[in-house]
Colleague: 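Let me begin by handing over the structure; questions about it come next.
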Amino acid sequence: MEGIVLALLILLTLASISITLLLLRRASATREGLRALTEMARRAVDTPADSSARMAPGGKVEELAEALKLWEAKLKSITGDLAEEREKLAAILSTIGAGVLLVNKDSEVTMLNQTAERLFGVSGESALGRPFISLARDHEMDSIVRRCLETNEKQVGAVQVAGSRRYLELAATPLSHGALVLVQDLTNVRRLEKMRRDFIGNISHELRTPIASLKALVETLQDGAIADKDVAQDFLHRMHVETDKLAQMASELSELSRIESGDSPLKLKPLDVTEVARRVVERLRPQAERAQLELILDMPANLPPVMGDEDRVEQVLVNVIHNAIKFTPPKGKITISSLVEDDHVLISVSDTGIGIPADDLPRIFERFYKVDQARSGGGTGLGLAIAKHIVQAHGGRIWAESEEGKGTTVAFSLPTAKS
Amino acid sequence: MEMRTAFHKRLREIQNDILAMGSMVEKAIMRSIEALKNRDLEMAHRIIAEDQKINEKRFDIEEKCIQLIATQQPMASDLRSIICILNIITELERIGDYAEGIAKIVIMIGDEPPLKPLIDVPRMAEKTASMLHRSLEAFVTCDTETARKVVSEDNEVDALYDQVFRELISFMVEDPKTITRATRLIWVAHNLERSADRVTNICERVVYFVTGKMEEIGASKY
Ligand SMILES: Nc1ncnc2c1ncn2[C@@H]1O[C@H](COP(=O)(O)OP(=O)(O)O)[C@@H](O)[C@H]1O
Ligand SMILES: [Mg+2]
C-alpha cells in the first residue's frame, strides 16, 4: 500500500515539476526561477549543506534535469527499502507466536496477524475496521486497550476470557495514531504452573504423613516404650510400613520420570497376560483379605499372547488392582476379566467400591489427581498416570467407567503378538 | 449528512458499550457457577460488587441513548435501533441480577457439605452464557438467522432445568434433611433458566430491529 502511494507521489511530483518547467520556458521566465527550482530538487535529495550539489548562480535546464534524476533514484531506493521492510515485517508478524493488532484512536482494528485471528476466531478481512471489543468480546481486555489510548501509556493485564476460559495476557503500547496490542495465550503456562504447584503441594503432603508418623513412633520409643518388648515390636512393624510407603513413592516418582523421558525402552516379548495377572493377584491377595475383599481372577488360560514388557504390564495390573482394593469397602468383590478384540486383548478390573464422580472421572489418569485427598489411602495419585503411560507406550488404551456408590471398572488394551 | 454520520458514530459507540456490558454479564454468570462449585465466597462477594458496575453501565448507556435522541432527532428507523438498545440493556441488567442472585445463594450455602456433584447446573450456565454471547453478536451484525437459532436453543436449557428439578425433588423425597440444600440448588437452576429466557427476549428484539416485525419466535416452556 505505502509503496504504491509513494510511487504515485513521485509521479505526480515529477509531472508537476515538468509542467512548471514547460511554463517557465514558454514564459521565458528568469533564470532565477529555474535556479530556485533546481535548488529545491537538490535539497530534496541531499542535505542542504551538501557542497557538491551547490549550484552556480544562474542555473541551467540540464542541471535541473540532472537534479531531478538524482531525486528520482533516491526515491526509488527509498520505496525499495520500504517494500523490503514491509516484507520483513510481514514475515515476522506471520511467524510470531503472539497475537499482534494495531488499533486506531477509536480502538478500531487496522491490522492483525494470523495468531490474533486465531485467538479471536476471526478472519483478517472481516476483522479490519471493526472495534476491538467486537473481536475480543471481553470488557476487561477492551478496557486495557482503552486505557492505553486515553493515557498514552503502556498498559498490561491478564484476563480470563468470558466464553473460552482461556487466559490471555495483553500489552497495549501507545503509537502516534493508536496503539499496538500484543496478545499472548497463557492458558498452557497457567496450567503448567498449576500442575507444578499441585505437584509440590502433593509431594509435601505425601511426605508429611509418613514422616510425621515415623517421628511420633521414634519419639515414643525413645521415651521408654523401647523397654516394653511387645510395644517395641509393634512400633517397629509400623515404622516398616511407613518406610515402605516412602520407598514406594520414591520408586513411583522415578518410574514416572523414566517413562516420561523415554530413556528406558520397553523390552517387548510375547507374554501370557493371564499368567502375569495370576502372579499379581497372588501377590495382592493378602492385602485383599485383610480388607475383607474377594479377589476373582476370571481370565482363560488360552488367551493369545500379547506383545508386552513383562515388568511394566505387571506394574499396570498392580496399580489398577491395588486401587480397587483401596477404594472398595469390606465385603466387596474385585473381578479381573479379559476379552479378545481383533488384534487386542482387553483386561478389565471391576470393583464394587465407592466409585468415582462423573466430574472427576476424566481426570483420574492425570499425575497426582486424587478424587478425595483424605480417602486416597496414602496413595500418591501417580498410580494411574504411570499405568496410562505404560499402556500407551505399548500402543494400547486405558479408560475407566464408574458409578458413584456402585463401583468402578478400569480397563486397558494390549496388542496381541503376531504369530 | 454531517448529522447522520455523527449519529451513526455515536450509535456504534453505544453498540461497543453493549458488547462490554454483555461481557460483564457473561462473566458474572460463569463466575457465579465457578463460585458455587468451588465454594468460593470471596468470588461470590466480588460478583455482588461487580453487579453494581453492571447497573452503572446500564444507566450510562441509557444516558447516552437519551442524549442521542435529544441532540440528533433521529428518524424512525434510527429511533427503532435506540429503543432496541434500551430494551437489550434492560434484559442484560436483569441477567446480571440473576447472576448476583446465584452469588448470594453461594454465600448462603457457605461451607455446607455439597448435596451432589454439580453437572447439569454448570451445563446450564455454559449454555446460557454461550447463547448470550451469540445474541449480542447477532445484534451487532444484524444477523436474524443467528438470533433465531439462539432462541431455538432455549429448549436445551429448559430440558436441563427439568432434569435438575426432578433430580433435586427426588433427593428431598428420599431424605427430608436435604430439603434446604436442594431448594437452594433449585433457585440457582431457576435463575439460569430465567437468564436464558431473557436472552431469547434479546434475540426477539434483534429480529424486530432488523425486520421491523415483532414476533415471538419460540415460546418458552416456562
Ligand atoms: N477403583 C477405584 N475406585 C474408586 N476410585 C478410584 C479407583 N481407582 C482410582 N480411583 C481414584 O483415582 C485417583 C487416582 O488413582 P491413582 O492414580 O492410582 O492414585 P492413588 O491410588 O495413589 O490415589 C484415586 O485417588 C481415586 O480417587
Ligand atoms: Mg493408585
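Throughout, protein chains are lettered first and strands after them, A, B, ... in sequence-line order, and every chain is numbered starting at 1. Keep in mind it's a predicted model, so treat the numbers as computed, not measured.
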Colleague: Could you look at Asp106(A) and say if it's the side chain, the backbone, both or neither that has a heavy atom under 4.5 Å from chain B?
Modeller: side chain

Colleague: Counting distance only, does the side-chain N/O of His139(A) pair as donor-acceptor with the main-chain N or O of Met21(B) below 3.5 Å?
Modeller: no

Colleague: Where does Arg146(A) contact chain B at under 4.5 Å (heavy atoms): side chain, backbone, both or neither?
Modeller: side chain

Colleague: For Lys333(A), is the NZ atom crowded, meaning more than 12 foreign heavy atoms sit under 6.0 Å from it?
Modeller: no

Colleague: Quick one: closest heavy-atom pair of Val161(A) and Lys27(B), and the distance?
Modeller: C-CE, 4.3 Å

Colleague: For the residue pair Val140(B) and Arg130(A), establish whether any side-chain heavy-atom pair is separated by less than 4.5 Å.
Modeller: no

Colleague: Quick check: are there more than 12 heavy atoms from other residues, nucleotides or ligands sitting under 6.0 Å from NZ of Lys154(A)?
Modeller: no

Colleague: Which region of Leu118(B), side chain (C-beta onward) or backbone (N, CA, C, O), has a non-hydrogen atom less than 4.5 Å from a non-hydrogen atom of chain A, or is it both or neither?
Modeller: backbone

Colleague: Counting heavy atoms not belonging to Arg80(B), are there more than 12 under 6.0 Å from its CZ?
Modeller: yes

Colleague: With side chains defined as the heavy atoms from C-beta onward, is the minimum distance between Arg137(A) and Glu137(B) less than 4.5 Å?
Modeller: yes

Colleague: For Arg10(B), look at atom CZ and say whether over 12 heavy atoms of other residues, nucleotides or ligands are found less than 6.0 Å away.
Modeller: no

Colleague: Flag the pair Asp359(A) and Lys37(B) as a salt bridge only when some basic side-chain nitrogen lies within less than 4.0 angstrom of an acidic carboxylate oxygen.
Modeller: no

Colleague: For a quick test of reading the model, state the closest non-hydrogen atom pair linking Ile133(A) to Leu19(B) and the distance between them.
Modeller: CG1-CB, 3.7 Å

Colleague: Which bit of Glu13(B) is near chain A, if near means a heavy-atom gap under 4.5 Å: side chain, backbone, both or neither?
Modeller: neither

Colleague: For Lys64(B), is the NZ atom crowded, meaning more than 12 foreign heavy atoms sit under 6.0 Å from it?
Modeller: yes

Colleague: Do you know which two heavy atoms are closest between Pro131(A) and Arg12(B), and how far apart they sit?
Modeller: CD-NH2, 3.1 Å

Colleague: In terms of heavy-atom proximity below 4.5 Å to chain A, should Met30(B) be classed as side chain, backbone, both, or neither?
Modeller: side chain

